[in-house]
Amino acid sequence: MNRLAQETSPYLLQHAHNPVDWQPWDDEALRRAREDDKPILLSIGYAACHWCHVMERESFEDALTARVMNDNFVCIKVDREERPDLDSVYMDAVVALTGHGGWPMTVFLQPGGEPFFGGTYFPPEPRHGLPSFKQVLLAVAEAWRERREDVGRSGKQLVEHIRSGAQLQASSEPLTSEVLQTAQLRLRDGFDPQWGGWGRAPKFPPAPVLEFLLRSGEEEMTRKTLDGMALGGMYDLVGGGFHRYSVDARWLVPHFEKMLYDNALLASVYHHAWRRFGDERYRRIADATIDYVLRELALGGGGFASAQDADTEGVEGLTFTWAPGEGAPEDLFEPFEHGRFVLRGELDDETCARLLEERSRRAQPLRDDKAIASWNGLMLAALAQAGRVEPATELAEFLLGPLSTPEGRLHRTYRRTGAGDGVAKGSGYLEDYADVAYGLMELHVASGDPRWLREAHRLATLAVHLFADDEGGGFFQTPADGEQLVARKKELDDHPTPSGNAMIAYVLLRLARIWGDDELERRAVSVLRLVRDSLPRVPTSFGWLLVALDQHLAPHREIAIVGRSDAPVVRAALASAAETDVIAFGPAEDVPVLAGRTEVDGRAAVYLCERFACRLPVTEPSELPARALPR
């Protein structure tokens, strides 16, 4: 047993009994590297990662490989979901060295943290042009002993490369609707007209891009992608929810882990598509996805687990695939491997319930049961948008309770131990504050409770204090008082969740219009200026920043509501609101757009405003003007 046995991350605990002398990333491990003058072998992965399991079985459980590792390196294991800052910094190094990234990721560092060599998966024996892991270990150890100057030069160059990525220059070109139009046209490049999505294989669900296309009213690419993803395979016809990605272009054969963030984002996308196009299939898929999360990922005491594993008992997809004679309709079979099949087609409700019951009696994949603040924030938004106010409220209480410090700052993760006690860990990152604030704003609209709007505003303004780059614009990933790594980065592109910069810009733009706060809007615009020239060139990487730019350019329209959220006039106003309208519920004198707004003769009142200039209050649905209809 090694030091990982004291950790809470399920991924780290999976490695606690390896013969490798694994250390967590902490002061003790870093001090040991300096004192022993050994390079650091940094291994980064996550609990639901199939190839992480493969490399563990092949290399980390092998006594000879472990001896080479222990003799020559200080071996540190990191859960990328706990430490996205480490993952981001050292992924940049690996991409610079190899041209690609992925997990498991292996990076060799100088004792001060400077990377000098790395890669992703290494096999136990040479194959497919890759050296064996033991060959890599021995070559790096020799370079450390014999060619220390070369190692130092390589480390310096990589650190300079990583730091340069955070030194983006703001564009002086105007932020106009032409940027959005060019981005939408450019999305035609690489679009798959047969199956939807972008590129060939593998295919990942492009939720942020679809949100942008939905807001712009584009139908062909949006519906082709939504329909393709829902055919079955990557989408779980039996249990609802989406696997992480498909290994082919048809959205058919999935990589079987199920991630909370994918299902949160896709539930929102399909719900918004139902509102936009009126297609009931999209509503059913959104509801089934939320039902899956509530059934399989809910944690006792609040919050949702991060993921379900790709493997069951060491076999990828065993729980989710079918063989002849197991009761599934064989006319829906599509081949997977080892004589098993995935399902594609239509299942009636009775068949679906029967197969789900049958599947529940099988061995189930392991669940990564740590709760991550940002991913739960995305799920909070999905629940609220779907009208699931009760579970959304419980989730908000969890995020602002166990996942927060007494001073009101967010932790990154929370996990209950075997004794039933919960352990919150890590300082929240930019994406945690942005996504939780987003979810709270959506809950405010769904519930009509001003508390959630105030909490969203508090977290967003706290994020400005902790993460903003006052000189260069935009926001850093890590707080100003956080651990100082070899570089302090800004994450701007979606991967595949919205980047922290994209989400905080979107949140700040909405809050700025409710509070009439020009400074919040200026902070949001500073993000947009960093990527202004990239948005039309590579729109598939910046879907949520395109959403934020659309919000920035939209007419300033506010809907101030005082009264019960279930009043007919309120329901009608919410149903007809455009995506870019900002909504605030009162009474709440401390919220500027609501100041002085009251009910009318004890009846719920809707105030339609433009830049805080409001019409007379409306109390009947028939009095709502046509301009409130969606774009």
Original post:
Please walk me through it: do Asp262 and His243 pass side-chain contact (heavy atoms from CB on, under 4.5 Å)?
Top reply: CA-CA 8 Å; Asp262 280 327; His243 298 288; over 6 Å; no
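- Between Glu483 and Arg83, at least one side-chain nitrogen of the basic residue sits less than 4.0 Å from a carboxylate oxygen of the acidic one, meeting the salt-bridge criterion.
- Residues Tyr261 and Pro496 share a closest heavy-atom pair of CE1-CG, 3.6 Å.
- A donor-acceptor contact closer than 3.5 angstrom is absent between the side chains of Ser216 and Glu218.
- Counting only distance, with no hydrogens or angles, the side chain of Glu558 and the backbone of Arg611 share a donor-acceptor pair below 3.5 Å.
- Panel note: side chain Gln484, backbone Gly482; a donor-acceptor pair is recorded below 3.5 Å.
- With no hydrogens or angles considered, no side-chain donor-acceptor pair links Asp79 and Tyr46 at under 3.5 Å.
- In this structure, Glu589 places its CD atom where more than 12 heavy-atom neighbours from other residues, nucleotides or ligands lie under 6.0 Å away.
- At distances below 3.5 Å, not a single donor-acceptor pair connects side-chain atoms of Thr225 with backbone N or O atoms of Gly196.
- With 3.5 Å as the limit, one finds a donor-acceptor pair spanning the side chains of Trp274 and Glu280.
- Within the 3.5 Å criterion, the main-chain N or O of Leu511 finds no donor-acceptor partner in the side chain of His457.
- Under the 3.5 Å distance criterion, with hydrogens and angles disregarded, a donor-acceptor pair is assigned to the side chains of Ser171 and Asp533.
- No side-chain donor-acceptor contact under 3.5 Å links Thr619 to the backbone of Ala605.
- With contacts defined as side-chain heavy-atom distances shorter than 4.5 Å, the pair Asp85/Arg412 does not qualify.
- Salt bridge absent: Arg284 and Asp287 never bring a charged side-chain N and a carboxylate O closer than 4.0 Å.
- When atom types are taken as modelled, the side chain of Ser447 and the backbone of Thr393 share no donor-acceptor pair closer than 3.5 angstrom.
- Salt bridge annotation for Asp601-Arg603: absent, with no cationic side-chain nitrogen under 4.0 angstrom from a carboxylate oxygen.
- Panel note: side chain Arg458, backbone Gly408; a donor-acceptor pair is recorded below 3.5 Å.
- Residues Arg510 and Tyr438 are in side-chain contact: their nearest non-hydrogen atoms beyond the backbone lie under 4.5 Å apart.
- Salt bridge Glu519/Arg523: present, at least one basic N to carboxylate O contact under 4.0 Å.
- Aromatic pair Phe475/Phe467: ring centres not closer than 6.0 Å.
- A salt bridge does not link Asp432 with Arg409: none of the charged nitrogens is closer than 4.0 Å to a carboxylate oxygen.
- Side-chain contact check for Thr289 versus Tyr270: every heavy-atom pair is 4.5 Å or farther apart.
- Ion pairing between a basic and an acidic side chain is recognised when a charged N comes within 4.0 Å of a carboxylate O; Arg451 and Asp449 show no such pairing.
- Inter-residue side-chain proximity for Phe277 and Glu219 is flagged as met; some heavy-atom pair is nearer than 4.5 Å.
- Arg416 places no side-chain N or O within 3.5 Å of a backbone atom of Gly422 that could act as its donor or acceptor partner.
- Residues meeting the side-chain contact (heavy atoms from CB on, under 4.5 Å) test with Asp493, sequence neighbours left out: Glu491, Ser541, Phe542.
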Subject >> From CA spacing to verdict: side-chain contact (heavy atoms from CB on, under 4.5 Å), Leu294, Arg388 >> reply: CA-CA 11 Å; Leu294 293 171; Arg388 309 287 186 98; 3.4 Å; yes
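- At a threshold of 4.0 Å, the pair Asp192-Lys224 does not count as salt-bridged, since none of the basic side-chain nitrogens sits closer than that to a carboxylate oxygen.
- Atom CG of Leu226 is separated from atom CG of Asp279 by 9.5 Å, given to the nearest 0.5 angstrom.
- Looking only at side-chain heavy atoms (C-beta outward), Met221 and Trp198 come within less than 4.5 Å of each other.
- Tested against Asp469, the residues Lys489, Lys490, Arg488 include a single salt bridge (charged side-chain N to carboxylate O under 4.0 Å, His left out) partner, Lys490.
- Of the N and O atoms on the side chains of Arg275 and Tyr282, not one donor lies less than 3.5 Å from an acceptor on the other residue.
- The number of heavy-atom neighbours closer than 6.0 Å to CD of Glu178, taken from other residues, nucleotides and ligands shown, is 12 or below.
- Using the six-membered ring where Trp is involved, Phe242 and Tyr235 have ring planes that are tilted, between 30° and 60° apart.
- Distance alone, capped at 3.5 Å, places no donor-acceptor pair between the Tyr429 side chain and the Pro84 backbone.
- Pairing each heavy atom of Leu535 with each of Ala183, the nearest pair is O-CB, 3.9 Å.
- Among the candidates Gln551, Glu579, His272, the single residue satisfying the side-chain hydrogen bond (donor to acceptor under 3.5 Å, both in side chains) test with Arg215 is Gln551.
- In this structure, Arg283 places its CZ atom where more than 12 heavy-atom neighbours from other residues, nucleotides or ligands lie under 6.0 Å away.
- More than 12 heavy atoms of other shown residues, nucleotides or ligands fall within 6.0 angstrom of atom CG in Asp566.
- You'll find the side chain of Leu210 reaches within 4.5 Å of the side chain of Met229, heavy atoms only.
- One finds a salt bridge joining Lys425 and Glu82 here, because a Lys/Arg side-chain nitrogen approaches an Asp/Glu carboxylate oxygen to under 4.0 Å.
- For the pair Leu574/Ile559, no side-chain contact is recorded, criterion being any heavy-atom separation below 4.5 Å from C-beta on.
- Here the side chains of Met503 and Glu431 are not in contact, with every heavy-atom distance at 4.5 Å or above.
- Looking at every heavy atom in both residues, Pro587 comes nearest to Pro450 through O-CG, 4.0 Å.
- The main-chain N or O of Gly426 is found under 3.5 Å from a side-chain atom of His411 such that the two form a donor-acceptor pair.
- For Asp189, the CG atom counts as densely surrounded, since its 6.0 Å shell holds more than 12 non-hydrogen atoms of other residues, nucleotides or ligands.
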